[in-house]
Structure formats: structure tokens, C-alpha cells
Asks: 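Structure provided below as C-alpha cells; questions to follow.
Fair warning: this is a prediction, and the values are worked out from it, not measured in the lab. Every number for a ligand or one of its atoms is a count from 1 in the order of the listing.
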Amino acid sequence: MKAIAFLFLVVALFGAVASTRDEPRDPVVEAYRGLVAQDLRLATVGYHLAKGSAEYCRNTWRNPGWVLHDLRQYPDTDLAQRAFTFREPVSIAALVADGPAIRAGLSVGDGLAGFGGSEIWYGGEPVKKRATSERLDNVRDQVAGALAGDGLFRALVTTDTGRKTIAFDPPRVCASDFWVDVRSKRDAGADGERVRVTSGLIEYVADDDELAAVVAHEMAHNLLDHRARIERTKSGKTAVIKSTEEEADRLSIWLMSNAGYDPEAAISFWQRYGKATSLGIFSAPTHYRWQDRVRMFREEIERMASHVVKNGRRDPPLLAEHRSIK
Ligand SMILES: [Zn+2]
């Protein structure tokens with residue numbers, strides 16, 4: 001989860017408090033913790049969506065079900081250390097309940113010391129005044145590399161009882177990563193690999209079912225390689241974008257259902273959000289009017305009801321079609 005933007009916001013909001021010695025510093029600590037809570041909420045909803053349809057996705061990867069953070073990404077490292085436990089500069093900020101990492105015995109605060117036989121080099125870099133997520137991004141890339149193959153994923157971790165290697169095998173799930181974009185504007189997006197949801201939108205949704213509706217739509221763009229399709233399109237781009245939006249809406253209903261979320265939440269979200277504002281996400285001319293989207297969700301829920309169920313899950317027609325593309 002890229003948290004850097006949020007932290008600049010935190011500094012803007014609480015900087016005055018933090019810099020005045022006589023004032024309590026707790027608001028910053030609370031803001032840091034609030035960020036991690038949002039990261040975990042998004043990571044959890046994303047994990048369930050990715051796992052729920054895992055067997056139907058052509059694009060898969062292994063998700064350990066953890067949220068990592070770096071001491072260096074926080075503007076005030078002393079306060080970050082008050083807010084959290086860091087057993088290494090890059091540590092586990094949060095764990096998805098019942099996810100692979102927690103089941104392997106990892107705990108919040110455990111620090112990452114290395115992967116697959118090589119250690120992370122934490123020394124030697126110049127101390128930067130500004131908060132940065134550069135090192136965290138680098139570690140995340142290393143983790144992704146180590147998880148790319150099959151077989152056991154070996155993490156060298158520093159725990160409360162010392163260093164140990166924890167080997168575990170996160171199952172393959174639909175390929176998507178998730179990050180909280182900390183801005184008050186209600187917005188979400190997908191870049192082909194990652195799903196981005198703003199903190200403003202996370203605060204706006206009524207519950208996790210509605211958050212799942214937003215995340216499932218964006219994830220659908222990634223799972224169906226929409227970005228690549230749009231980039232390949234030379235003319236008539238608007239029509240292609242519009243069709244990708246409709247596909248994302250339709251697939252989102254199946255992804256939600258397969259993960260145990262209530263697909264009706266897509267309708268409740270769009271009715272409330274659509275009435276409240278015509279700005280923000282999906283308001284461009286390439287997107288449907290919210291009334292049309294609600295109608296489409298209803299159609300798709302009905303269509304899904306007559307589909308064959310396997311272990312409580314259904315193969316989404318759009319993913320079946322995507323699997324058949326060579
Ligand atoms: Zn979209």
C-alpha cells in the first residue's frame with residue numbers, strides 16, 4: 001500500500017501539533033494508525049475478492065495477505081515507532097485475518113530481513129529528510145519476484161523471539177494488488193496491476209460490501225486486461241472504453257458473489273453515490289449514467305441466479321471468455 005501521499009496530508013494536518021513540544025502528539029500517532037487500518041480494510045476486501053474467483057482467473061499471483069510498511073515512509077519516524085512495532089525497518093503493518101501469512105505464524109510488527117536466501121540491505125543508504133516509499137517499493141518488488149514462481153516462499157523474519165526463516169506457500173489468487181491513495185476526493189482506479197482507492201471513498205462507503213463493489217469493478221479492469229485493450233485501440237477509443245466499463249460492472253457482480261459479498265451493495269452504493277454527486281469516479285462521458293448501471297447490475301444479478309454453482313461459486317462468463325483468448 002503506497003502511503004506516502006497520505007503522510008504528506010498528515011503532516012499538513014498535524015504538522016503544527018507535532019512540531020510544538022508542549023502539545024500532545026497523539027493525533028499523529030492516531031492518524032498513522034488510521035492509515036494502516038484503511039490499508040488493512042482494503043487489503044482484506046481485495047484478498048477475499050481475489051481468492052473467491054481464483055480458479056476462474058487467467059491472471060493469477062500469490063498474495064501473502066499482509067500489509068508492509070517502512071519506517072522511512074513516515075515523516076516522523078519517532079512517532080511511527082510509537083504507533084507501531086518495527087522489528088526491522090520494513091515490517092508487517094497488518095495481516096489479513098486467516099490469510100496465508102498469519103496462518104504461517106507471522107505477527108504484526110515482525111520485520112522482513114530477507115527472502116529466498118538473500119538478506120535485505122538496510123544500511124549504507126544516505127538518511128533522507130523527506131519521507132519516502134522508495135525502499136518499500138523496492139522490497140515489495142523483491143517479494144513479488146520471490147512469489148512469482150511456485151513452491152515455498154521463504155521469508156527471513158525478525159520476530160519477538162529472534163530471527164527465523166518462515167516458509168509458506170500462499171495459494172494462487174486472481175492477480176491484483178491494492179493501495180490506499182490518501183486523498184479526500186472520492187476516487188478509484190486500476191492501472192493493469194494495482195487497484196487504487198482513495199481514503200475519501202473508503203470513508204464514504206457504507207460497509208465492506210459497498211467497498212467490495214468499488215474494488216471488484218476496478219479489479220475487473222485488471223483481470224480482463226482492459227488497459228492493454230484500450231492502449232491497442234487506434235480509433236473509436238470512446239466506444240471501447242465504454243464497453244470496458246460495462247464489462248467491469250458486469251464482472252464485479254460475480255466477483256462479489258464468489259467472495260461472499262452481497263452484490264446488491266453495488267446497487268445501494270450507486271444509488272446513493274449517483275444521487276449525491278455527478279462528479280468523481282465514473283462521471284466521464286465514457287462512463288454510464290448511474291441509473292443505467294443500476295439496471296445493468298440488476299440484469300447481471302438475475303443472470304447469475306440461473307448459473308451453475310460449484311462450491312458456492314460461479315464461473316463468470318467474462319472470465320471464461322478471457323481464459324479462452326490465446
Ligand atoms: Zn471503470
Asks: Is the Zn ion (ligand 1) less than 2.8 Å from an N/O/S atom of E218, whether that atom is in the backbone or a side chain?
Replies: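 Looking at E218, which is the residue asked about, there is no N, O or S atom under 2.8 Å from the Zn ion (ligand 1).
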Asks: Please confirm whether the ring centroid of Y56 lies under 6.0 Å from the ring centroid of H322.
Replies: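 No, they do not, as the ring centres are separated by 6.0 Å or more.
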Asks: For residues 259-269, tabulate all N or O donor-acceptor pairs below 3.5 Å that involve a side-chain atom, not counting sequence neighbours.
Replies:
unit_1, atom_1, unit_2, atom_2, d
D262, OD1, E264, N, 3.0
S268, OG, E210, OE2, 3.0
S268, OG, A265, O, 3.1

Asks: Quick check: do E193 and D177 have side-chain heavy atoms less than 4.5 Å from each other?
Replies: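 Not in contact.
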Asks: So, Y204 versus Y273, ring centres under 6.0 angstrom or not?
Replies: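 Judged by ring-centre distance (under 6.0 Å), Y204 and Y273 do meet the cut-off.
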Asks: Flag H221 as yes if one of its N/O/S atoms falls below 2.8 Å of the Zn ion (ligand 1), otherwise no.
Replies: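 An N, O or S atom of H221 is closer than 2.8 Å to the Zn ion (ligand 1), so yes.
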Asks: Determine which of the N, O or S atoms in E245 is closest to the Zn ion (ligand 1) and give its atom name.
Replies: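 Within E245, restricted to N, O or S, the Zn ion (ligand 1) is closest to atom OE1.
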